[in-house]
Amino acid sequence: MSADLILREPLGERVVGAADFPLAIGGGGADVILPAPGGTQAWLAQHDGQLFLQPASADTTVLQNGARISGSVWLRSGDVLDVGSGR
């Protein structure tokens, strides 16, 4: 089983398949560009067909459904993620 994701971003919509993971999320140079300081702010990856999100460092503020996360979290349909100034 693979985790396919439909990613909607300012550059358009794209389908992300198993071979595309992990994805760096953040500012310039990341796979998913958000209004954020330069570099990777978080990682989006999969394991056993499930998606998870992990902050790139302890200093990075990443929110899942409004709550700050400090380590890896499993994602569910409908989760709202905030990384940098992007949602």
Side-chain angles (χ1 to χ4, degrees):
M1 177 179 228
S2 67
D4 284 343
L5 171 72
I6 298 173
L7 182 61
R8 292 179 184 97
E9 56 187 338
L11 298 176
E13 183 175 290
R14 61 181 159 140
V15 175
V16 179
D20 299 313
F21 291 105
L23 294 174
I25 301 173
D31 299 308
V32 180
I33 304 290
L34 296 174
T40 301
Q41 302 295 304
W43 292 97
L44 179 63
Q46 71 161 346
H47 179 73
D48 288 338
Q50 293 185 325
L51 296 172
F52 69 92
L53 182 73
Q54 179 176 321
S57 75
D59 299 328
T60 304
T61 299
V62 178
L63 306 178
Q64 178 191 31
N65 302 320
R68 186 174 181 166
I69 62 171
S70 59
S72 296
V73 293
W74 295 110
L75 299 179
R76 296 184 199 111
S77 179
D79 278 351
V80 176
L81 308 174
D82 295 289
V83 179
S85 298
R87 174 168 283 179

Residues that, via side-chain heavy atoms closer than 4.5 angstrom, fall in one hydrophobic cluster with Phe52: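 Answer for Phe52: Trp74.
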Remaining members of the apolar cluster that contains Leu63, side-chain heavy atoms under 4.5 Å: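 Reading the cluster by chain and number, Leu63 sits alone, since nothing else belongs.
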Salt bridge (charged side-chain N to carboxylate O under 4.0 Å, His left out) contacts touching residues 70-87 (sequence neighbours left out):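 Applying salt bridge (charged side-chain N to carboxylate O under 4.0 Å, His left out) to every pair that reaches into residues 70-87, excluding sequence neighbours, yields Asp82-Arg87.
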Scan the side chains in residues 15-40 for donor-acceptor partners under 3.5 Å anywhere in the protein, sequence neighbours excluded, and list what turns up.
| unit_1 | atom_1 | unit_2 | atom_2 | d |
| --- | --- | --- | --- | --- |
| Asp20 | OD2 | Gly17 | N | 2.8 |
| Asp31 | OD2 | Ala24 | N | 2.8 |

Summary of ring-ring contact (aromatic ring centres under 6.0 Å, His included) pairs that have at least one residue in residues 31-50, sequence neighbours excluded: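 Residue pairs with at least one partner in residues 31-50: there are none.
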Listed partners of Arg14 passing side-chain hydrogen bond (donor to acceptor under 3.5 Å, both in side chains), at least two apart: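 side-chain hydrogen bond (donor to acceptor under 3.5 Å, both in side chains) check on Arg14 returns Glu9.
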Trace of the side-chain contact (heavy atoms from CB on, under 4.5 Å) decision for Leu81 with Asn65: CA-CA 6 Å; Leu81 308 174; Asn65 302 320; over 6 Å; no
Smallest separation among heavy atoms of Gln41 and Val62, with atom names: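 Here Gln41 and Val62 meet closest at O-CG2, 4.0 Å.
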